[in-house]
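Read through the structure below, which is laid out as structure tokens, and then see the notes.
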Amino acid sequence: MPELPEVETIRRILADRIIGKQVKGVQLCLRKALRNTSPEELARGLTGAVFTGVKRRGKFLILELKAAKLVFHLRMTGQLLVVKAGSPPPKHLTLKLALSGDEELWLVDQRKFATIDWLPRGGDYPRGLGVEPLSREFTGQRLAEICQGRRTPIKALLLNQQHIAGLGNIYADESLFRAKVRPDRMAGSLSAKEVRRLHRAIRAVLRESLIAGGTSVRNYVNAEGKQGAYQNELKVYGRGGEPCVVCQTPLERIKIGGRSSCFCPRCQS
DNA sequence: ACCACATCCTGTTAGC
DNA sequence: TGCTAACAGGATGTGG
């Protein structure tokens with residue numbers, strides 16, 4: 001569930017808290033989370049290294065070291081936490097890094113889907129991701145090109161990271177409600193006006209959530225363990241059966257691409 | 001090329 | 001009340 005606003009919130013905190021810190025120890029508690037190298041290789045490469053930057057690409061978090069990169073994807077329930085050294089280890093601890101300054105960086109993940117990639121020589125990774133929705137490159141025109149000629153439901157297209165990087169189920173549903181577009185509409189069938197509305201809606205929803213510190217609807221907390229506030233602003237996500245905040249019509253819930261999708265059958269067409 | 005669906009996981013909740 | 005089954009979903013892989 002950490003989507004763009006949540007990952008960006010974590011990024012900002014990590015940038016503040018770990019840049020300049022040195023890795024003193026590496027403890028990988030869940031082997032399978034580390035995808036592309038061995039635990040020994042990771043420990044050898046990380047120990048003694050200093051964090052020089054923290055970046056985000058889509059929902060990926062990229063911790064930069066002098067030459068290397070440590071890349072996390074939190075999937076649904078992953079949490080990255082900066083804690084005092086010696087704090088009692090939580091259930092579902094996946095990775096623990098001891099840092100200089102008596103702090104630790106934890107990757108905690110209840111569902112064990114989070115991934116770790118170690119790139120000893122850096123390089124551009126992750127690859128194959130679409131446009132950053134809050135960047136200048138994401139224009140109304142760009143969204144129109146993405147939708148053009150596609151027969152897939154617009155909701156499925158918004159969730160496809162190869163087109164737009166960072167939207168998940170929450171912000172796809174919220175953006176479509178704000179744009180007054182049904183999630184099951186064929187992407188290519190949207191009018192120029194609808195595409196423009198959707199483009200503005202995506203950017204507005206993401207920006208507002210970012211200001212609120214993200215959405216804590218399941219177990220999301222930021223790198224300091226604090227919840228976001230955007231769950232209080234959600235209009236449709238997770239509200240199937242409840243009245244529309246605009247017209248009181250009961251919200252519908254359908255499945256699109258295996259994901260539940262909530263929308264107002266009256267406001268969204 | 002494109003789409004639908006299963007898979008991985010575990011905690012929570014709905015239903016019997 | 002206590003059990004089981006469904007559900008939550010990001011990315012990936014498979015099969016149609």
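Just so we're on the same page: letters track the sequence lines, and every chain starts at 1.
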Calculate the interatomic distance between [X] atom [atom1] and [N] atom [atom2]; express it in whole Å.
{"X": "A/Ile256", "N": "B/dC3", "atom1": "CD1", "atom2": "P", "value": "13 Å"}
{"X": "A/Leu129", "N": "C/dG10", "atom1": "CG", "atom2": "P", "value": "14 Å"}
{"X": "A/Tyr220", "N": "C/dG9", "atom1": "OH", "atom2": "P", "value": "18 Å"}
{"X": "A/Lys59", "N": "C/dT12", "atom1": "NZ", "atom2": "C1'", "value": "13 Å"}
{"X": "A/Asp173", "N": "C/dG9", "atom1": "CG", "atom2": "C1'", "value": "12 Å"}
{"X": "A/Leu4", "N": "C/dA11", "atom1": "CG", "atom2": "C1'", "value": "17 Å"}
{"X": "A/Lys155", "N": "B/dC3", "atom1": "NZ", "atom2": "C1'", "value": "16 Å"}
{"X": "A/Asn160", "N": "C/dA11", "atom1": "CG", "atom2": "C1'", "value": "10 Å"}

pair A/Glu132-A/Arg57: side-chain heavy atoms closer than 4.5 Å: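 In short, these two side chains touch, coming nearer than 4.5 Å.
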
Answer whether the closest heavy-atom distance between the side chains of A/Arg75 and A/Thr115 falls below 4.5 Å.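 Yes; the side chains approach each other to less than 4.5 Å.
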
Within the structure shown, what part of the strands sits under 4.0 Å from A/Ser260 by heavy-atom distance: base, sugar-phosphate, or nothing? sugar-phosphate

Is it true that [X] and [Y] have a side-chain N and a carboxylate O under 4.0 angstrom from each other?
{"X": "A/Asp117", "Y": "A/Lys69", "answer": "no"}
{"X": "A/Glu137", "Y": "A/Arg142", "answer": "no"}
{"X": "A/Glu8", "Y": "A/Arg12", "answer": "yes"}

Reading 5' to 3' through nucleotides 6-12 of chain B, protein heavy-atom contacts under 4.0 Å coded B for base, S for sugar-phosphate only, - for none: --BBBS-

Give a yes/no answer on whether the side chain of [X] brings an N or O atom under 4.0 Å of OP1 or OP2 in [N].
{"X": "A/Gln161", "N": "C/dA11", "result": "yes"}
{"X": "A/Arg218", "N": "B/dT13", "result": "no"}
{"X": "A/His73", "N": "C/dG10", "result": "no"}
{"X": "A/Thr152", "N": "B/dC2", "result": "no"}
{"X": "A/Lys255", "N": "C/dA8", "result": "yes"}
{"X": "A/Tyr237", "N": "C/dG9", "result": "yes"}

Strictly under 6.0 Å, is that where the ring centroids of A/Phe138 and A/His199 end up? yes

Angle by which the axis turns from one end of the helix from B/dC2-C/dG16 to B/dC16-C/dG2 to the other, five pairs per end, to 10 degrees: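 Here the local axes at opposite ends form an angle of 60°.
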
With side chain to side chain donor-acceptor pair (under 3.5 Å) as the criterion, how do A/Glu6 and A/Tyr171 come out once you've worked through the C-alpha distance, each side chain's angles and the decisive distance to 0.1 Å? CA-CA 11 Å; A/Glu6 290 77 31; A/Tyr171 299 110; 2.5 Å; yes

Do side-chain atoms of A/Gln79 reach the backbone of A/Asn222 as a donor and acceptor pair under 3.5 angstrom? no

Tell me, yes or no, whether the heavy-atom count around A/Lys180 atom NZ, taken from other residues, nucleotides or ligands under 6.0 Å, exceeds 12.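 Not buried by this count: 12 neighbours or fewer within 6.0 Å.
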
Does A/Gln148 CD have over 12 foreign heavy atoms under 6.0 Å away?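 No, the 6.0 Å shell around CD holds no more than 12 heavy atoms from other groups.
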
